[in-house]
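Just so it is clear, the model here is predicted, and its values are computed rather than measured. Naming convention: chains lettered A, B, ... in sequence-line order (proteins, then strands); numbering from 1 in each chain.
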2 protein chains.
Amino acid sequence: MTSVLVCDDSPLAREALRRAVATVPGVERVTTAANGEEVLRRWGADRSDLILVDVRMPGLGAVETVRRLLSADSGARIIMLTVAEDLDGVALAVAAGARGYLHKDASRAELRSTVTQALADPTWRLAPRRLRSADMGAAPTLTAREIQVLEGMSHGRSNAEIGRELFLSEDTVKTHARRLFKKLGASDRAHAVALGFRWGLVR
Amino acid sequence: MTSVLVCDDSPLAREALRRAVATVPGVERVTTAANGEEVLRRWGADRSDLILVDVRMPGLGAVETVRRLLSADSGARIIMLTVAEDLDGVALAVAAGARGYLHKDASRAELRSTVTQALADPTWRLAPRRLRSADMGAAPTLTAREIQVLEGMSHGRSNAEIGRELFLSEDTVKTHARRLFKKLGASDRAHAVALGFRWGLVR
DNA sequence: ACGACGGTCACCCGAAAGAGTTACGGGTGA
DNA sequence: TCACCCGTAACTCTTTCGGGTGACCGTCGT
């Protein structure tokens, strides 16, 4: 029983991927998820043989998702999906333990051959590259809420606006902000946003 | 009577956009079109105050649509809609005369604020710049000083600290800050830093 | 069962930020 | 020449931020 889990925040892309992966010989089941949290839930319930994860995701980021999947099961086989040239994100995810990546605008044949290969060989890995893997150890771990607040900041929202968006009081947003500042070592929101980008926590 | 015209080839996206734009304060009517030809027809019949056009369209392309709209009425206010990182298309459309662009996966608040801004100010432009077709990056042009100030912000410096670093008064730093906010379309320093990263102006 | 942590909310307070406005000299392009 | 932008600076006024502190309630791990 070979199953694949596909994660992408865009419903259209998700469906297209689901259909494409389903045509790979040997794949019996394809499940989908819209975000990192859902991936972790589904993975906990039913471990697929392969996971495809979009690098750019709201909420729990791709890097964090990869890290948590691997801490749950170090044997998890993960392939990143990327749209454009955000190679930084891919690099970080690969450094975090993903097996490789796929361009979303790769041909269907390309996708199929990569998936086939990854399924056939449990040790399959994209050519190992020299990445900033050393940096990853020090990467601050933000909670989902903290990342949501950080993302709000990166979109120019005030604490009050973020609170309205997340159905929280402004004071609660401030608490999350203070905690994430401390974790990141940021002196203010602008600094926090910059560090978020440098760590690949937001994009 | 404020009206907005939305053009997108995907019915789902079209409806979602229509609903989102309809919630913008001051907008009384939202009409939709599925392609460039229809936009031109509707524009001929009844000129809206603002037009949102998907960059990716079948038949008459977005760039050609923009060009024809502007040749019919040079005051037409057009904002491009883009899905991914097809900056080429956006850049061409902006070069052709579009006022700016919006990521389709931008938050509803972001969309609303951009539309509000564009409706409020007839001269609104995402980044007032002298675009050449070769510009291609479409990145807003910040002056050296503005980039220095933005970099200071990205390192968590206060305006006063940035001033001391650059041998400027705090008030001067504030002036540079205000100007770069306007150029980037940022609402505060955190947003400006985020946009700086997204445009590749800082790292 | 205990503590640590995360999520929620509240209050106070001083320090920043940001908006608006004005101003002046220099450079540059139309 | 005139208009426009840039760099510099000052002023006021309001909003927002950030730190400190305390509190209550879950959950999770040990």
**Message:** I want to confirm an ordering. Mapping A/Lys174 and B/His176 to their closest nucleotides on DNA chain D, which one lands closer to the 5' end?
**Reply:** B/His176
**Fill in**
Rounded to whole Å, the CG-C1' distance (B/Asp188 to D/dT15) equals 12 Å
**Item:** Phosphate OP1/OP2 of D/dA9: any B/Thr175 side-chain N/O under 4.0 Å
**Value:** no
**Fill in**
Of the candidates D/dC17, C/dA17, C/dT8, the side chain of A/Glu170 sits closest to D/dC17
**B/Glu151 and B/Ser154 side chains, donor-acceptor separation under 3.5 Å** = no
**Asked** Any side-chain donor-acceptor pair under 3.5 Å between B/Thr172 and B/Thr175?
**Response** no
**Message:** Regarding B/Arg189, tell me which of base, sugar-phosphate or nothing describes its non-hydrogen contacts under 4.0 Å with the strands shown.
**Reply:** sugar-phosphate
**Prompt:** Distance check: side-chain N/O of B/Thr143 vs OP1/OP2 of D/dG7, anything under 4.0 Å?
**Reply:** yes
**Prompt:** Under 4.0 Å between a side-chain N/O of A/Asn159 and OP1 or OP2 of D/dT16, yes or no?
**Reply:** no
**Request:** Classify the nucleic acid contact of A/Arg178 as base, sugar-phosphate or nothing, counting any heavy atom under 4.0 Å across all strands shown.
**Result:** base
**Prompt:** Looking at A/Arg145, does any N or O in its side chain come under 4.0 Å of the phosphate oxygens OP1/OP2 on C/dT8?
**Reply:** yes
**Prompt:** Of the nucleotides D/dA9, D/dC17, C/dC9, which has the atom closest to the A/Ser158 side chain?
**Reply:** D/dC17
**Request:** Hey, which sits more toward the 5' end of DNA chain D by its nearest nucleotide, B/Ser169 or A/Ala186?
**Result:** B/Ser169
**Request:** Using a 4.5 Å cut-off on heavy atoms from C-beta on, say whether the side chain of A/Leu119 contacts that of A/Thr2.
**Result:** yes
**Asked** Would you say the side chain of B/Ile162 lies within less than 4.5 Å of the side chain of B/Arg164, judging by non-hydrogen atoms?
**Response** no
**Prompt:** So does A/Thr172 get a side-chain nitrogen or oxygen closer than 4.0 Å to the phosphate oxygens (OP1/OP2) of C/dT8?
**Reply:** no
**Asked** Quick one: is D/dC6 close enough that its OP1 or OP2 comes under 4.0 Å of any side-chain N or O from B/Lys183?
**Response** yes
**Request:** Look at the side chain of A/Asp171 and decide which nucleotide, out of D/dA9, C/dA10, C/dC12, has an atom nearest to it.
**Result:** C/dA10
**Message:** Test your reading of the model: is there a side-chain donor-acceptor pair from A/Thr143 to the backbone of A/Glu146, 3.5 Å cut-off?
**Reply:** yes
